[in-house]
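Along the sequence shown, the residues carry numbers beginning at 1.
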Amino acid sequence: MPANQIIHAHMLLLLLTHPDSDHIGGAISLLEQFPVGILESNGQDTRPLQNEVVQQAKQRYVTLHHAAKGEDIELDGVRVQVLAPLSNDTQEPTNSHSIVLRLTYGESSLLLTGDAERDEEAHILQSGNLTPTQLLKVGHHGSLTSTTEAFLSRVAPRIAVISVGKHNRYGHPHPQIMERLKRHEVQVFRTDTQGAITCTSDTKGWKC
């Protein structure tokens, strides 16, 4: 088994992409309600909220793991490739240190981008590890700081999901991002207009 390959069978994994409250604010509730076996974070565990979640996980004897670029995790038949964070500098801005994962289940593929912005997208592109992916969770709620033309062209998704609050004060998703997705003929689902979105895979593709 390669040194960067990790096998976990029949375990629930809770992912903290980065310490922002809109991404991990419900993590403690999840720890309380589900038998989480692994807590994976981006290493910024000294940030107050993330530190609180980590401490709660320790009390429940959850295995703690810091994601590292290049890791290849096997989880109940799902291949999880860690594309970011790209450095060990945990003092970086949280968005620039987001965990980015590519999941493969049979012929189905999914890219989870957290709040990765254009700098992190560029580094992932340069790494050569990014391949076309059927379903994209759009970065940073559809902000103009993410989902660059080059990144979207490489991912070439058929479906995109934008997790965004209704009438949010930032104006996400940005009209330019929506137009970019339209030009690439991506089918878009938005939580602000459609509510909770569930996507399922039969190993051949995705249905949302």
Side-chain angles (χ1 to χ4, degrees), residues 4-106 108-117 120 124 133 135-141 146 161-165 189 191 195-201 206 208:
N4 66 343
Q5 186 176 38
I6 304 169
I7 305 295
H8 292 302
H10 309 298
M11 278 187 150
L12 288 180
L13 183 149
L14 177 58
L15 176 71
L16 310 181
T17 58
H18 60 300
D20 290 1
S21 61
D22 60 327
H23 285 256
I24 66 171
I28 291 177
S29 294
L30 293 175
L31 286 170
E32 293 171 346
Q33 296 179 45
F34 295 96
V36 174
I38 308 161
L39 180 72
E40 184 156 15
S41 74
N42 71 344
Q44 293 183 316
D45 297 347
T46 58
R47 305 295 175 99
L49 180 55
Q50 187 153 302
N51 178 62
E52 184 180 355
V53 176
V54 167
Q55 295 308 313
Q56 290 288 331
K58 286 180 178 179
Q59 292 177 21
R60 291 170 169 78
Y61 303 102
V62 174
T63 299
L64 304 177
H65 180 69
H66 290 164
K69 173 182 170 287
E71 284 183 339
D72 202 327
I73 302 168
E74 184 74 21
L75 192 65
D76 287 345
V78 178
R79 183 187 181 192
V80 182
Q81 298 168 273
V82 181
L83 304 182
L86 302 169
S87 77
N88 295 320
D89 183 4
T90 57
Q91 298 306 309
E92 286 184 355
T94 57
N95 288 349
S96 298
H97 208 66
S98 282
I99 294 176
V100 177
L101 301 180
R102 188 180 191 277
L103 282 65
T104 307
Y105 179 51
S108 300
S109 52
L110 162 66
L111 189 65
L112 300 173
T113 58
D115 271 355
E117 297 186 334
E120 197 166 27
I124 294 171
T133 304
L135 175 57
L136 169 68
K137 199 291 292 180
V138 174
H140 201 187
H141 318 288
S146 305
V161 174
I162 303 177
S163 177
V164 60
F189 294 87
T191 60
I197 296 168
T198 300
C199 297
T200 58
S201 170
W206 289 95
C208 298

Please tabulate, for side-chain N and O atoms in residues 25-35, each donor-acceptor pair with protein atoms closer than 3.5 Å (sequence neighbours left out).
none

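Taking each heavy atom of Ala116 and Ser146 in turn, the nearest pair found is O-OG, 2.7 Å. Considering all non-hydrogen atoms of both residues, Ser201 and Tyr105 come closest at OG-CD2, 3.9 Å. When all heavy atoms of Ala57 and Leu39 are compared, the closest pair comes out as CB-CD2, 3.7 Å. The two residues Ile73 and Glu40 make their nearest non-hydrogen contact at CD1-OE1, 3.7 Å. Pairing each heavy atom of Trp206 with each of Ser109, the nearest pair is NE1-O, 2.9 Å.
To the nearest 0.5 Å, the span separating CG on Leu101 from CD on Gln81 amounts to 9.5 Å. Remark: Ser163 OG to Asp22 CG distance equals 8.5 Å, nearest 0.5 Å.
Applying the side-chain hydrogen bond (donor to acceptor under 3.5 Å, both in side chains) rule to Arg102 yields the partners Thr104, Thr131, Thr133; only residues at least two apart in sequence or on another chain are considered. Asn51 is linked by a side-chain contact (heavy atoms from CB on, under 4.5 Å) to Gln55, counting only residues two or more places apart in sequence or in another chain. Residues satisfying the side-chain contact (heavy atoms from CB on, under 4.5 Å) test with Phe189, not counting sequence neighbours, are Ile159, Val161, Gln187, Gln194, Ile197, Cys208. For the side-chain contact (heavy atoms from CB on, under 4.5 Å) test, residues two or more places apart in sequence or in another chain that qualify with Thr198 are Thr200. For Thr17, the side-chain contact (heavy atoms from CB on, under 4.5 Å) partners at least two apart in sequence or on another chain are Leu15, His23.
Looking only at side-chain heavy atoms (C-beta outward), Leu83 and Leu111 come within less than 4.5 Å of each other. Between Glu52 and Leu49 there is a side-chain heavy-atom pair separated by less than 4.5 Å. Annotation: side chain of Asp115 is not in contact with side chain of Thr94 (no heavy-atom distance under 4.5 Å). In this structure, Glu120 and Thr113 have side chains that are not in contact, with every pair of non-hydrogen atoms separated by 4.5 Å or more. In this structure, Pro85 and Ile99 have side chains that are in contact, with non-hydrogen atoms separated by less than 4.5 Å.
Judged purely by atom type and a 3.5 angstrom limit, Asn42 uses its side chain to pair as donor or acceptor with the backbone of Gln44. Remark: the backbone N or O of Leu16 is not paired with any side-chain donor or acceptor of Ser41 at under 3.5 angstrom.
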Quiz prompt | Criterion side chain to side chain contact (heavy atoms under 4.5 Å, CB included) on Leu75 and Leu103, from CA distance to verdict | solution = CA-CA 10 Å; Leu75 192 65; Leu103 282 65; over 6 Å; no
